[in-house]
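I have placed the structure first, in the form of structure tokens, so that the comments after it can refer back to it.
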Protein chains: 2
Amino acid sequence: MNSTKIKILNAAEYLFATHGYAETSMRQITNRANVNLASVNYHFGSKKALTIEVIDRYLSQLMPDIIANLKQLQNKKEEPSISAIFSIFKQPLLTLNSINDGGTVYFLKLLGRGYIDSQGHLRGFITHKYQTELRFIRQAFHQSCPQLSEEELFWHLHFALGTTSFTLSASDALTDIVKADFNTELYLDDILDRMVPYISAGFIRQGNLNV
Amino acid sequence: MNSTKIKILNAAEYLFATHGYAETSMRQITNRANVNLASVNYHFGSKKALTIEVIDRYLSQLMPDIIANLKQLQNKKEEPSISAIFSIFKQPLLTLNSINDGGTVYFLKLLGRGYIDSQGHLRGFITHKYQTELRFIRQAFHQSCPQLSEEELFWHLHFALGTTSFTLSASDALTDIVKADFNTELYLDDILDRMVPYISAGFIRQGNLNV
DNA sequence: GTCTATACAGGGATAGAC
DNA sequence: GTCTATCCCTGTATAGAC
């Protein structure tokens with residue numbers, strides 16, 4: 001149990017999610033973690049590698065959970081509802097809160113920032129390390145919803161991921177705008193409540209799934 | 001006619017689009033533009049301000065195109081569908097790509113970054129300069145889906161922006177995956193075609209309205 | 001193995017001479 | 001407007017202490 005690594009991961013996760021990747025310096029991270037500056041490079045190799053490990057801490061728990069839920073769904077004979085499909089992701093995502101308080105939001109924020117920010121290094125890492133899991137997810141979805149082609153599902157899942165991670169990444173800014181323009185005080189729950197129907201609609205229309 | 005400003009803008013635009021924002025240094029920009037390092041800060045104030053002006057060169061071309069297309073659509077007698085409105089954005093966006101290689105993707109990446117950025121300088125600039133254009137666009141959407149309140153429309157439009165920015169940020173990788181796994185050759189054009197129905201679906205309240 | 005102090009090159013920004 | 005010199009901060013590498 002290396003406590004320095006974990007202290008760095010926790011500090012980096014918080015700072016990356018709240019201030020952004022580029023706006024967070026190694027010195028800020030190590031100050032917050034109460035460790036020496038050089039320990040980041042000793043334990044992780046580079047700032048970029050640290051970013052990936054921060055996200056992978058969540059992914060390594062998320063992926064097996066999703067696969068397990070998918071296999072469970074495949075065992076049932078009936079055609080799955082759209083809400084059943086979403087709960088495949090919902091429960092594993094909420095479980096991330098057990099790793100670290102607010103973990104679910106951190107993960108989705110970091111994913112969004114990482115996808116848009118980095119030169120595709122995060123993407124490359126994920127598609128390489130979780131190659132088999134990602135393929136399994138697509139194939140399982142295809143078997144469960146034969147009315148959508150595997151390729152259509154691939155795109156739909158990515159669109160949904162985009163909506164989710166972008167919205168959460170920008171959630172602070174968006175709630176500020178809404179407060180200024182519409183005088184409405186919104187919290188994360190409210191945003192999610194607005195987002196879920198939007199995401200679902202994109203699946204229902206083309207797929208003709210039962211709600 | 002200040003040629004130094006334009007030389008800097010051209011160099012920055014190219015380098016930002018090909019190597020990314022963070023990976024492009026002021027010294028690279030000024031070397032490519034054959035101007036002095038300090039001239040960037042003299043003419044633009046900061047690297048961030050330069051970025052905003054680079055984006056604005058895209059915006060200043062995009063906005064009139066979109067408005068023109070919208071007005072053309074409104075001249076037709078029938079009520080325009082949501083997907084028809086979204087298709088309005090497609091051609092102007094792709095035009096950015098023909099002006100500068102990778103322009104479409106880079107513009108949307110920067111737009112996404114600007115919205116994720118909690119400081120919101122880019123957001124403030126856009127909403128101020130393109131006030132009337134943005135209001136016109138919002139009104140067009142409001143006419144096509146009057147069942148959505150202004151606040152709901154705000155969120156839906158940002159969900160759509162998130163899907164677009166996120167997806168196109170990864171578009172090169174996604175087309176690679178699709179080619180490898182499904183043996184389908186896709187271009188930016190095709191991705192937008194797949195995205196429009198998905199984005200539009202979220203604007204339609206379950207069951208009614210023309211798609 | 002782990003941690004610390006420190007050196008270094010490259011980053012953006014700026015003051016002042018021209 | 002333009003240029004030089006310089007400032008402080010960044011990520012990274014390394015030598016040496018525990």
Side-chain angles (χ1 to χ4, degrees), chain A residues 1-57 110 113-114 116-122 124-125, chain B residues 1-57 106 109-110 113-114 116-122 124-125:
Chain A
M1 181 72 73
N2 187 339
S3 93
T4 302
K5 272 193 83 162
I6 293 173
K7 280 197 283 183
I8 293 172
L9 282 170
N10 287 335
E13 164 183 282
Y14 172 80
L15 292 169
F16 286 162
T18 49
H19 301 129
Y21 173 69
E23 291 75 18
T24 301
S25 71
M26 306 271 277
R27 284 159 180 88
Q28 282 177 280
I29 295 169
T30 49
N31 279 345
R32 187 180 171 89
N34 274 311
V35 297
N36 187 268
L37 169 65
S39 60
V40 172
N41 274 290
Y42 174 76
H43 284 288
F44 298 95
S46 70
K47 187 185 178 184
K48 188 169 284 176
L50 169 63
T51 320
I52 289 176
E53 288 217 39
V54 167
I55 295 178
D56 194 43
R57 186 157 67 141
L110 290 170
R113 289 180 189 271
I116 291 180
D117 256 29
S118 80
Q119 287 278 73
H121 292 109
L122 175 64
F125 170 81
Chain B
M1 183 69 72
N2 188 339
S3 100
T4 302
K5 272 193 83 163
I6 293 174
K7 280 198 282 183
I8 292 172
L9 280 170
N10 286 335
E13 183 175 83
Y14 172 79
L15 290 169
F16 284 165
T18 49
H19 301 129
Y21 174 71
E23 291 77 15
T24 300
S25 71
M26 307 268 278
R27 285 156 178 91
Q28 282 177 280
I29 294 169
T30 49
N31 278 346
R32 181 169 234 271
N34 274 312
V35 297
N36 187 266
L37 169 64
S39 60
V40 173
N41 275 290
Y42 174 77
H43 284 288
F44 298 95
S46 70
K47 188 184 179 184
K48 186 171 282 180
L50 170 61
T51 317
I52 289 178
E53 293 220 32
V54 167
I55 297 175
D56 192 42
R57 283 224 296 200
Y106 192 67
K109 264 194 196 186
L110 284 179
R113 279 184 59 106
I116 287 175
D117 178 24
S118 50
Q119 291 173 325
H121 294 116
L122 175 64
F125 172 82

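Only this structure's heavy atoms are used, side chains among them; waters, hydrogens and symmetry mates stay out. Note on naming: letters A, B, ... go to the chains in the order of the sequence lines (proteins, then strands), and numbering restarts at 1 for each one.
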With a 4.0 Å cut-off (strictly under) to non-hydrogen atoms of chain B, the first and last hit nts on DNA chain D, 5' to 3', are D:dG1 to D:dT4

Which residue lies more 5' along DNA chain D, comparing B:R27 with A:K48 via nearest heavy atoms: B:R27

To the nearest 0.5 Å, what is the distance between CZ (A:F44) and OG1 (A:T51)? 10.0 Å

Whether over 12 other heavy atoms sit under 6.0 Å from A:Y14 OH: no

Paired with A:I29, the side chain to side chain contact (heavy atoms under 4.5 Å, CB included) test is passed by just one of A:N10, A:L37, A:V35, A:T24, namely A:T24

To the nearest 0.5 Å, tell me how far A:R113 CZ sits from A:F16 CZ. 11.0 Å

Is there a side chain to side chain contact (heavy atoms under 4.5 Å, CB included) between B:V40 and B:K47 once you walk through the steps? CA-CA 8 Å; B:V40 173; B:K47 188 184 179 184; 5.9 Å; no

Separation between CG (A:L122) and CD1 (A:I116), nearest 0.5 Å, reads 11.5 Å

Could you walk me through whether A:E53 and A:H43 pass the side chain to side chain contact (heavy atoms under 4.5 Å, CB included) test, one step at a time? CA-CA 11 Å; A:E53 288 217 39; A:H43 284 288; over 6 Å; no

Is there a side chain to side chain contact (heavy atoms under 4.5 Å, CB included) between A:E23 and B:Q119? Walk through the geometry before answering. CA-CA 11 Å; A:E23 291 75 18; B:Q119 291 173 325; 5.7 Å; no

Within residues 28-45 of chain A, the residues having a heavy atom closer than 4.0 Å to DNA chain D are A:L37, A:A38, A:N41

